[in-house]
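This report concerns only the one structure given below.
Computation of the quantities below employed the complete heavy-atom set of this structure, encompassing side-chain atoms and omitting hydrogens, waters and symmetry-equivalent molecules. Note that the coordinates shown come from a computational prediction; the quantities given were computed from them, not determined experimentally.
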Amino acid sequence: MQCLRAEHLVSTETTPRQRQWRPQIYRKCTDKAWLFLFFLFWAGLVFIMGYSVTAGATGRLLFGYDSFGNVCGKKNSPVEGAPLSGQDMTLKKYVFFMNSCNLEVKDVRFSSTILCVSSCPEEQLNTLEEVQLFANTTGSFLCVYSLNSFNYTQNPNADSLCPRLPVPPSKSFPLFNRCIPQTPECYSLFASVLINDVDALHRILSGIMSGRDTILGLCVLAFALSLAMMFTFRFITTLLVHIFIALIVLGLLFVCGVLWWLYYDYTNDLSTELDTERENMKCLLGFAVVSTVITAVLLVLIFVLRKRIKLTVELLRVTNKAISNSPFLLFQPLWTFTILIFFWVSWVAVLLSLGTAGAAQVIEGGQVEYKPLSGIRYMWWYHLIGLIWTSEFILACQQMTIAGAVVTCYFNRNKNDPPDRPILSSLSILFCYHQGTVVKGSFLITVVRMPRAVLMYIYNTLKEKHGAWSSCVSRCCYCCFRCLDKCLCHFNQNAYTTTAINGTDFCTSAKDALKLLSKNSSHFISVNCFGDFVIFLGKVLVVCFTVFGGLMAFNYHRVLQVWAIPLLLVAFFAYLVAHSFLSMFETVLDALFLCFAVDLETNDGTSEKPYFMDQEFLSFIKRINKLNNARAQRDKNSLTNEEGTELRPL
């Protein structure tokens, strides 16, 4: 991308001789070497993508294939040594497993024979006569191709050439055209074998399958609650904050009470005999203990910080005023989430294509298997780094876009005439000048995330094979990297905002932001932290109501399914959706206070150098300073009195 130099003429000042804070004076391309490095990295990803398309059996992945090397729904070429290969499967689009309820993996291949059929049996077939009737009426043959349908009941080898009875009802999966069994037990065994972990996922997938409609409804509820919470923060008042905090307290206490009540109900239920009920009871105890601890911590924090509610309301009003200048910021999380979903789906498709790349090899019985090609494992690691780096790049672009829009609106002298299309202006500045800065910041996150993934893998391995000491060490290292990750994310956010203000590279921006914030931290750090805490409470409220709905819905089917993992998935999705919407307020808040710090650094409020901030923001800052000065004076007087008491002669 060709770098264009442009000057944003906020004043007639030209480039200063020495670097200083100069909001939006001029722009230049930053961190160009990192942008070139990212292009080279993506060239490697494009090569892997093309390789997966040519050698990665995309057709076998999308349409599925049988045990004889035929791709379903396609006209196939014969494989030498496999007599049943090379058939025309144009009308047979669905993949059918002859033993779907007892599927096993032996030597990295399925023990069950796989066929291409024209339709999946939607009703259970109990006898070979019913299988024969199904073949004659629908034209879908569920036995091996070499056996004619009129011999289904006469051939002595029909038991080995036809599916195991009873054949469960199945439906085609919309994307990959697999005949998926619909009974919860068969579905859980079938799906868990496909992921090669039968014992661990059997009951989990059974619970997800049984409660899939409930899970979908709870996800919709979480989405609606997140939207409602976003508009609540958009039009917030003091009374609304008190109601909001009261709802959070009641929600936390209510969810804890319901969990302990359900656990008491399980322990006193004499009919609790099934394994699913016992597992639900153990998970309920864990949920109850964890929720009680979280509730206690949050209630203490709310009680300690209760006196800052009024200032927090004013802070959120100032934030909403900044958002009102560019209301399309509210839709920014939706755009980012859509782009991420598209990238993740593409990434998974390439990964699966790489996993199915291989050369055809004939084995016993005339069946065909595909041997993996050498070097694929290294491509997987490269592909994994691409997932983390590109995802962080997309999220960093969102952060810098929001920060740039806030900066454009803040450093505008005429507050009655806000700038036109600040989001588009911020996007154009990002893509013309500062992509390299975003690449560098996202790479630092990737450098921290990769060791976390490796340490998590080591922890899971050592937990099963070695003692508790080695697994504890790896777990502690993982926690340290996680803390570093959190600090680095906040560090990057301030660096992006500084780049949007000053037009400097990543390292210079990070250093300037750190110095400036440490110099002016006394003005706003406590109120800013409590503002972030209130936004976090909004996420907690969404999770509380969603989890409560899940408890009430899943408890009606306690005997049929293990609903602990589905409930955890619902809670995770609820927090993810709430974070996607409400984190926009956190980004605006952090960018706004950094702009304020720059305003104090470059101006003094005189007629020659007036502040960029409006009167409402200025009066809010004055009240914060007044409270901080009064608190500091009280602490000083208290310290003086204590020292005087200690030094007073007897």
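- Atom CG of Leu582 and atom CD1 of Ile535 lie 7.0 Å apart (nearest 0.5 Å).
- The CG atom of Leu298 sits 6.5 Å away from atom CG of Leu537, with the distance rounded to the nearest 0.5 Å.
- Using a 30° and 60° split on the angle between ring planes, Phe331 and Phe328 fall in the tilted class, from 30° to 60°.
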Show the numbers, then the answer: is there a side chain to side chain contact (heavy atoms under 4.5 Å, CB included) between Leu541 and Leu225? CA-CA 9 Å; Leu541 184 63; Leu225 288 174; over 6 Å; no
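- Heavy atoms only, all atoms of each residue included: Thr497 and Ala403 are closest at OG1-CB, 3.6 Å.
- Between Phe343 and Leu387, some side-chain heavy-atom pair lies under the 4.5 Å cut-off.
- Shortest non-hydrogen contact noted between Val407 and Ala500 is CG1-O, 3.9 Å.
- Panel note: side chain Ser426, backbone Thr401; a donor-acceptor pair is recorded below 3.5 Å.
- Residues Gln182 and Ile180 have side chains in contact (heavy-atom distance under 4.5 Å, counting atoms from C-beta outward).
- Asn494 is not listed as a side-chain neighbour of Leu514, based on a closest heavy-atom distance of 4.5 Å or more.
- Using a 4.5 Å heavy-atom cutoff, the side chains of Leu594 and Asp590 are not in contact.
- Residues Ile339 and Trp344 have side chains not in contact (no heavy-atom distance under 4.5 Å, counting atoms from C-beta outward).
- Across every non-hydrogen atom of Val542 and Ala574, the tightest pair is CG1-O, 4.1 Å.
- In this structure, Pro168 and Ser100 approach most closely via the heavy-atom pair CG-OG, 3.6 Å.
- Side-chain contact between Thr587 and Val406 is absent, with no heavy-atom pair separated by less than 4.5 Å.
- Here the shortest heavy-atom pairing between Leu218 and Val570 reads CB-CG1, 3.7 Å.
- Between Ser391 and Trp347, the side chains place no donor N or O within less than 3.5 Å of an acceptor N or O (distance only, hydrogens not considered).
- A distance of 9.5 Å separates CD in Gln493 from OG1 in Thr498, rounded to the nearest 0.5 Å.
- Annotation: the span from Thr446 atom OG1 to Phe443 atom CZ amounts to 7.0 Å, rounded to 0.5 Å.
- Distance check, rounded to the nearest 0.5 Å: CZ of Phe545 to CG of Leu221 gives 9.5 Å.
- The two atoms that bring Ser442 and Tyr496 nearest to each other are N-OH, 3.6 Å, heavy atoms only.
- The structure places CG of Leu252 at 10.5 Å from OG1 of Thr292, a figure rounded to the nearest 0.5 Å.
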